[in-house]
Every structure is written in structure tokens, then in C-alpha cells.
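Working notes for the structure below.
Small disclaimer: the values here were computed from a predicted structure and weren't measured. Order of listing sets the numbers, starting from 1, for every ligand and every atom in it. One is the number of the first residue; the rest follow in order along the sequence.
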Amino acid sequence: MTLDEIKAAEAKLLLPTYERNPILFVDGEGVHLIDEKGERYLDLLSGIGVNALGYGHPAIEQAIAEQSRKLIHISNLYFHEGQAELALRLTEASGMDRAFFCNSGTEALEAALKLARAHAGLLRSEGKTIGTKFLALEHGFHGRTMGSVATTHKAKYREPFEPVMPGVEFVAFDDVADLKAKFSTDICAVLIEVIQGEGGIRPVSQEFIETARALTRSTGALLILDEIQAGVGRTGKWFAYQHYDVQPDVTTVAKPLAGGLPLGAMLCTEEAARAIHPGMHGTTFGGGPLACAAALAVFRTIEDDHLLEYVTEVGTYFHEQLDGLAKKHPAIVEVRGIGLMLAAELDSAELAKDVLAGMLERRILINRTSETVLRFLPPYILGREHVDTAISALDEVLTERAPQGAGAHTTGGKEVG
Ligand SMILES: Cc1ncc(COP(=O)(O)O)c(C=O)c1O
């Protein structure tokens with residue numbers, strides 16, 4: 001089918017959940033996607049933070065090919081070789097004790113919410129005073145199933161589907177006083193992305209995270225840190241919370257975990273895990289042999305190729321280049337982020353849309369989030385030469401499309417680490 005035929009067929013046959021860009025990708029290589037005409041696109045979004053090792057990585061291809069010749073699926077009723085080894089890698093990297101595998105970010109988050117409720121129930125049965133409510137953050141994003149979406153702040157994701165899970169209250173972003181005011185023994189868990197992804201690459205402060213840790217410790221409530229976008233190396237550490245030197249009770253990962261195959265995990269402490277016993281929670285597909293084999297290849301490659309250090313190095317370079325651009329273009333109001341989780345916030349949503357279109361014309365894929373924020377989540381194998389290409393294209397596009405003139409701007413912003 002041609003692109004036009006596919007567009008017409010999808011318009012008739014698919015639930016209209018996405019407004020796709022009019023490009024038909026048929027192949028990929030390294031940090032590039034290739035369309036049906038053979039045009040190459042520099043991908044600075046990597047499938048929304050998924051393709052951490054880029055396209056056609058030999059380690060992933062080999063792991064998937066070998067595993068697919070053995071077993072693809074067996075269900076969670078039997079043992080296979082992958083889950084224990086992957087759980088060992090994940091628990092060592094995160095400092096957590098146990099793992100539950102699933103298929104996506106929202107399912108990992110759902111598992112965390114259910115664990116928090118079950119754990120609070122266990123504490124109540126042991127005589128403690130603890131309720132069933134959750135605190136989540138304004139501008140936070142945690143997924144689209146009924147529990148996760150209830151903890152997702154933007155009304156457009158929640159309101160059409162109400163009633164969603166009750167018992168969620170939102171705390172103003174990074175507002176320590178608001179967190180203290182809303183926390184009580186009614187709360188079974190506090191849910192935070194230490195760097196908000198969809199919310200515009202916004203890191204919370206050290207004080208905020210430490211306050212959340214201290215409050216939850218004081219009652220037995222769980223601190224859930226959602227690392228679905230920031231985790232598995234994207235910020236130059238395995239987990240973004242490691243920049244803060246804080247340890248949660250529960251964390252969730254997904255996107256880059258299996259190099260493009262669907263796989264999520266909820267990781268928790270031994271204490272939290274006391275609340276779960278066989279039959280309480282589960283999944284048919286989660287943690288299957290194929291996805292686990294791919295994830296083990298991702299872990300081995302990140303270690304063998306020293307990609308955490310590399311993400312820090314190339315991410316710092318990218319950040320510096322964006323800072324330089326911000327000095328030249330007043331339309332860039334702030335540059336934020338760490339490692340290869342970066343953003344340039346512009347002074348208008350219209351301009352951000354326009355810049356996206358200008359970059360697409362130059363065959364560079366980026367994304368806009370929170371209306372005004374240009375978001376960069378490139379593969380970890382991004383080279384400095386790719387950063388240079390992106391920066392000179394951005395410079396051109398901003399020169400062309402941003403109204404020139406005075407305007408206040410800052411660079412750097414709130415940083416972590
Ligand atoms: C921080 C965070 N949590 C949860 C999710 C939901 O993940 P999924 O789309 O795999 O369900 C996302 C997706 O963007 C995310 O960024």
C-alpha cells in the first residue's frame with residue numbers, strides 16, 4: 001500500500017487516537033529512520049524514549065532472533081530462563097528487592113498502585129493507621145488505564161472517562177508546603193516522576209523529594225517514583241532518582257527496557273512485597289521469554305559499551321549547545337534536563353509547532369510536549385555530529401520562524417545532580 005492508501009484505510013478503520021505525521025517508515029539504522037522513498041530522518045525522539053540503542057542494533061537483533069527460534073511465550077505458569085536474570089539486573093541497578101514484569105508503562109504503574117493499596121491493607125491489619133488515598137503531582141503523567149489515568153494530572157486525559165479511580169489528590173509541582181499540607185495518615189502512597197517527562201522535562205527539587213521520603217517513612221506510606229521515561233540509563237544513571245541519592249519503596253520502568261519490544265516492570269522493596277501473594281495480581285504476556293531476552297541484551301550493551309557515561313558526556317554537550325542557542329534566540333525561554341532527557345522551552349505554542357514543522361522539513365524528528373516545550377529523547381548512541389546537525393537546523397528554523405526581538409530568557413533552570 002502507498003502512504004495515501006494507508007492514510008485512507010486508517011482514517012476509515014482505526015480508532016482516531018493519534019494525529020500521525022504523514023511519513024511512512026519502512027526501515028531504520030542507528031539513529032536514523034528511513035521512509036519508503038529511502039529518505040533518512042535523524043531521530044531525536046526514539047519512539048518516545050523507547051529505542052535506546054537506536055535501530056538495527058546487532059545485540060538486540062541477535063537476542064531476538066536466537067530467542068524466537070526457542071520460545072516466544074509460555075505464560076507465567078512455568079519457569080523460563082529470562083525473568084530471574086533480568087530481575088537480578090534490575091534489582092541490582094535500582095537498589096530494590098523484587099520485580100514484577102508486565103507489558104507497558106501504565107501496567108507497571110497500575111501494579112504499583114495496587115501494591116500500595118494492598119500494603120496499606122496489610123499495615124491496617126497489623127494495627128497501623130493508614131488510609132487508601134494517593135498524592136500525585138500537578139503536570140504529572142502516569143499512563144492511561146483507569147488507575148494510572150486517575151493519577152495523571154491533565155484533565156483532558158481523565159475527564160472524558162470519569163469516574164476514574166477515586167481517592168487521588170494533586171500536589172502543586174515541587175511545592176513542599178502543599179505536599180506537607182496534603183499529606184496525612186489517609187495517604188497510602190505518594191507518586192512522583194523525579195523528572196516530569198510529558199510535563200515538560202521538569203526535575204523536582206532535592207528538598208521536595210527528601211520531604212516526600214520523610215513524610216512517607218513517618219506513616220508507612222509508599223514512595224512510588226515513576227521512572228518509565230527517565231529510567232534505564234536515559235539520564236546517565238540507571239535511575240533518575242539516583243541523582244538525588246534517595247531510595248523509593250517502589251519504582252516503575254518500561255519504555256527502553258527491551259529495546260523496542262513491549263516490557264514493563266514494577267520494582268519494590270521486600271517490605272512492600274509482603275503484601276502480595278500468589279493469585280492476587282498477574283499478567284498473561286508480561287515478562288515473556290522474547291522480551292526478557294531483548295532486555296538482557298539492552299542491559300549487557302549499556303554495561304559493555306559504557307553507555308551511562310556516554311549518555312552523560314553527549315547529553316552535557318547537547319545541553320551546552322542548546323544553552324548557546326538560547327543565548328542567540330530570545331524565543332528559547334529555558335533549557336532543561338539531564339543526560340539525554342532534554343528540553344528547550346519556547347515562548348509560544350504556535351512557535352513550538354512551527355519549529356517542529358521546520359525540523360521535519362529538514363528530516364529531523366523531535367516532539368512538542370506541554371504546548372511550548374521541544375523535547376529531545378534521542379537514542380543513547382547519538383553522536384556529537386548528530387547533535388551538531390540538530391543544533392544548526394534548530395538555529396536555522398528559529399532564525400526563519402521566531403519573531404526577532406528582545407525577550408527575557410534564562411538558561412539552565414532547575415538542575416539536579
Ligand atoms: C512517566 C510515565 N509514566 C507512565 C507512562 C505510560 O507508559 P505507557 O505508554 O507505556 O503505558 C509514560 C508514557 O509516556 C510516562 O512517560
Side-chain angles (χ1 to χ4, degrees), residues 15 17-18 45-52 94 100-116 134 136-154 156-158 161 164-165 168 170 173-174 189-204 209 223-235 238-241 243 248 250-267 283 285-287 291 294-295 298 336-343 366-370 373 375-378 416:
L15 203 62
T17 49
Y18 282 89
L45 188 60
S46 56
I48 323 184
V50 169
N51 301 312
S94 63
F100 167 76
F101 291 108
C102 51
N103 309 285
S104 65
T106 200
E107 278 176 83
L109 210 284
E110 252 352 280
L113 298 175
K114 287 176 77 175
L115 177 66
F134 294 93
L137 259 59
E138 288 185 4
H139 314 298
F141 184 93
H142 299 291
R144 298 170 187 273
T145 48
M146 282 295 191
S148 303
V149 85
T151 63
T152 289
H153 179 242
K154 243 186 212 161
K156 76 167 185 184
Y157 295 128
R158 272 182 296 116
F161 307 106
V164 294
M165 179 185 75
V168 181
F170 292 99
F173 177 75
D174 208 29
V190 176
L191 183 55
I192 299 171
E193 294 161 85
V194 298
I195 305 175
Q196 288 190 334
E198 304 300 309
I201 315 293
R202 289 175 206 281
V204 296
I209 204 78
L223 177 62
I224 303 172
L225 298 182
D226 179 346
E227 294 262 344
I228 288 161
Q229 194 161 137
V232 197
R234 174 149 301 280
T235 68
W238 283 115
F239 290 82
Y241 60 74
H243 293 283
V250 180
T251 189
T252 50
V253 288
K255 289 178 181 284
L257 185 55
L261 288 185
L263 181 66
M266 189 265 298
L267 309 170
T283 161
F285 287 110
V298 169
R336 293 189 290 267
I338 185 160
L340 286 175
M341 186 172 184
L342 295 171
I366 59 172
N367 161 256
R368 182 174 70 109
T369 187
S370 285
V373 180
R375 176 171 55 166
F376 309 93
L377 299 171
V416 294

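Atoms OG1 and CE, from Thr151 and Met165 in turn, are 6.0 Å apart once rounded to the nearest 0.5 Å. A distance of 9.0 Å separates CG of Asp174 from CD1 of Ile192, quoted to the nearest 0.5 Å. The CZ atom of Arg144 sits 8.5 Å away from atom OG1 of Thr152, with the distance rounded to the nearest 0.5 Å.
Of the N and O atoms on the side chains of Ser370 and His139, not one donor lies less than 3.5 Å from an acceptor on the other residue.
Val50 is linked by a side chain to side chain contact (heavy atoms under 4.5 Å, CB included) to Lys255, counting only residues two or more places apart in sequence or in another chain.
Residues Glu193 and Arg202 are not paired through a salt bridge, judged by the lack of any N-O separation under 4.0 Å between the basic side chain and the carboxylate.
For ligand 1, the 4.0 Å heavy-atom shell contains residues Ser104, Gly105, Thr106, Phe141, His142, Gly143, Glu193, Glu198, Asp226, Ile228, Gln229, Lys255.
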